[in-house]
Amino acid sequence: MDKIKEKLSLLTTNPGCYLMKNSDGDIIYVGKAKNLKRRVSSYFNREHTGKTKALVSNIRDFEYIVTQTEVESLLLEINLIKKYEPKYNILLKDNKSYPYIEITGETYPRLIISRPRKIKGHKGKLFGPYPNAMAARRTVQMLNRIYPFRKCHTMDKKVCLYYHIGQCLGYCEKKIDKEKIKKMVDEVTSFLKGNYKEVKEKIENLMKESSASLNFERALEYREMLEYIDKVLEKQKISLNDNINRDVINYYVKNEYISFQVLHLRDGRINMRDKEIFPLIDDVNDTLSYFVTSFYDKNEVPKEVLVSEDFDINLLEETINTKFIVPKKGIKKKIVDMAYSNAKISLEEEFELIIRDDKRTFGANEELGKLINIPNLRRIETFDNAHLFGTFTVSGMVVFTNGKPDKKEYRKYKITSGSKDDYHTMKEVIYRRYYRVLHDNLKRPDLIIVDGGISQIHAAKEVLDSLYLSIPVLGLKKNDKHSTTALISEDKEYNIDKTSDVFHLLTRIQDEVHRYTITYHRNIRSKASLSSIIDNVPNIGEVRKKTLLKKYKTITKLKSLTEDELSKDLPRNVARELAQFLKNYDTNNKEEN
């Protein structure tokens with residue numbers, strides 16, 4: 001929460017999108033804001049209820065993307081929600097989607113609001129998605145007033161009212177010139193891609209005709225249509241509408257740090273971004289080229305990349321097989337400037353956080369290295385064990401690199417030797433880990449930390465010596481509340497100031513390895529408990545048991561199902577018996593799952 005408070009104090013008042021994250025770094029909510037500072041702060045400075053309360057209780061961090069207008073933030077929000085499918089976004093929770101405007105692919109096309117299940121392969125022409133369903137409906141209503149598309153879902157045998165008021169060509173009775181239909185489709189397609197000139201001219205002519213015939217009420221309607229186009233639709237034109245996949249890269253430098261922003265445009269619209277801030281060690285121009293080439297070594301290369309004039313596009317085109325462009329004006333230049341604005345805001349508003357984070361992580365890691373006489377301390381591997389009265393024994397390993405968790409390097413171990421104590425459990429996991437390190441030539445740590453006392457240090461050292469590995473091993477001495485009190489080796493105890501960054505780093509390491517191991521232990525216990533529960537239910541054999549275990553995995557998930565839901569996998573009478581058994585188990589069994 002302290003980190004969130006620090007970030008809130010540095011937030012911009014510009015419009016944009018914000019992305020809320022949980023403790024695992026997963027994006028759980030995406031929102032838009034006219035004023036990012038006011039909107040994001042509102043989650044943390046007032047009481048909430050219901051779904052918002054549940055969301056806020058799970059927020060551990062957030063990030064944001066600044067846009068130039070609120071409309072841009074609306075459109076960006078769509079793409080971010082579609083990409084990340086956040087848990088707490090109501091639209092996804094309710095299985096809804098943003099609407100498209102569609103010109104159907106029928107012989108006599110209709111202009112409708114559509115929510116297609118699949119975009120790829122859809123027969124009609126789709127435009128959108130639209131963040132504001134009302135705006136989409138109003139646009140369709142306006143265009144259907146002007147263009148006589150077919151209005152009925154299934155054609156009647158006789159013309160209807162729409163034909164008599166000039167809003168349908170009478171497709172059910174009349175022979176319609178295909179060129180006339182094509183021209184109408186082309187004009188509406190052009191309009192929905194952002195080219196409003198032809199439609200505005202058509203509306204202006206209709207308005208003049210209505211006024212000349214003294215039909216002032218209809219003339220007023222046409223004037224309102226023109227105002228709608230000017231005030232609403234034209235403000236939404238931030239996409240390039242050319243269906244080209246491109247990236248936009250720009251940067252900002254201050255206080256010997258460089259901030260990069262990469263905006264990804266897919267099908268002409270911004271749908272995600274990457275950002276990176278790091279110390280500026282090399283020449284700026286060299287750093288620009290290095291960043292771009294290393295970025296595309298790991299990421300998809302688009303059809304073109306837009307950059308500012310400081311980038312060496314000739315060098316980059318020789319290195320990367322794509323087209324680099326430095327736009328001088330227009331919408332492309334506007335988006336390059338947007339990337340610069342985001343890079344600048346990220347660095348200026350996150351600079352203090354970056355400095356503090358460097359001190360707490362890299363700086364603390366350096367201090368720890370000095371304290372234990374490992375001058376180039378970089379990689380720390382830490383182990384913890386968990387069991388329940390000698391059963392379901394597991395171990396977990398977490399890795400910290402330069403003071404930061406490296407989660408892709410974490411490992412889980414199910415202990416197979418039937419060990420009943422931490423000493424033998426530690427021997428097994430250390431042997432399995434470092435035999436693998438030797439055999440597969442994996443990265444070796446500069447330091448091993450065991451979450452325990454001297455006996456576990458001895459166990460680890462004994463195994464390492466047998467493998468002829470010389471890696472320092474330290475232990476975290478704890479009190480009866482499982483809090484770190486000191487760092488110990490085989491022959492020394494390091495007393496550390498509890499207010500120091502080193503102590504806080506060790507506490508973070510201990511908390512992380514304990515969390516990771518306990519989570520794995522609970523999952524193992526839950527699976528085992530689920531298996532034993534199913535064994536006690538009549539008429540569930542091995543085949544049905546395997547199906548349930550594979551699909552639901554834990555007791556908690558299985559208990560959340562109704563009899564009707566269980567009957568999708570089981571016969572009704574078996575589902576009823578299982579539901580009743582789970583209900584009784586929930587009442588009588590107090591063991592944590």
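The aromatic rings of Tyr434 and Phe383 sit perpendicular to each other, their planes meeting at more than 60°, with 30° as the lower class boundary. In this pair, Phe260 and Tyr251 present their aromatic rings tilted. The plane angle is within the 30 to 60° band.
Using a distance-only test at 3.5 Å, with no hydrogens or angles considered, no donor-acceptor pair links the side chain of Arg444 to the main chain of Asn441. Between the side chain of Ser500 and the backbone N or O of Asp497, at least one donor-acceptor pair lies under 3.5 Å. Between the side chain of Ser259 and the main chain of Ala343, a donor-acceptor pair closer than 3.5 Å is present. A donor-acceptor pair under 3.5 Å links the side-chain atoms of Asn365 to the main chain of Leu377, judged by distance alone. Side-chain atoms of Lys37 come within 3.5 Å of backbone atoms of Leu8 as a donor-acceptor pair (strictly under, hydrogens ignored).
Between Phe324 and Phe311 there is no side-chain heavy-atom pair separated by less than 4.5 Å.
For the pair Lys7 and Phe62, the cation sits on the ring face: its NZ or CZ lies under 6.0 Å from the ring centre, inside 45° of the axis.
A salt bridge between Lys21 and Asp26 is absent, with no side-chain N of the basic residue lying under 4.0 Å from a carboxylate O of the acidic one. Salt-bridge check for Lys407 with Glu409: failed, with every basic side-chain N at 4.0 Å or more from each acidic carboxylate O. One finds no salt bridge joining Glu428 and Lys414 here, because no Lys/Arg side-chain nitrogen approaches an Asp/Glu carboxylate oxygen to under 4.0 Å. Classification of Arg515 and Glu512 as a salt-bridged pair holds, one side-chain N sitting under 4.0 Å from a carboxylate O.
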Derivation of the ring pair (Phe, Tyr, Trp, His ring centres under 6.0 Å) call for Tyr18 and Tyr43: CA-CA 12 Å; Tyr18 53 92; Tyr43 285 94; 5.7 Å; yes
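Here the closest heavy-atom approach between residue Ile518 and residue Ala386 is recorded as CD1-CB, 4.0 Å.
Outside the 6.0 Å centre-distance limit, the rings of Tyr257 and Tyr252 are not counted as a close aromatic pair.
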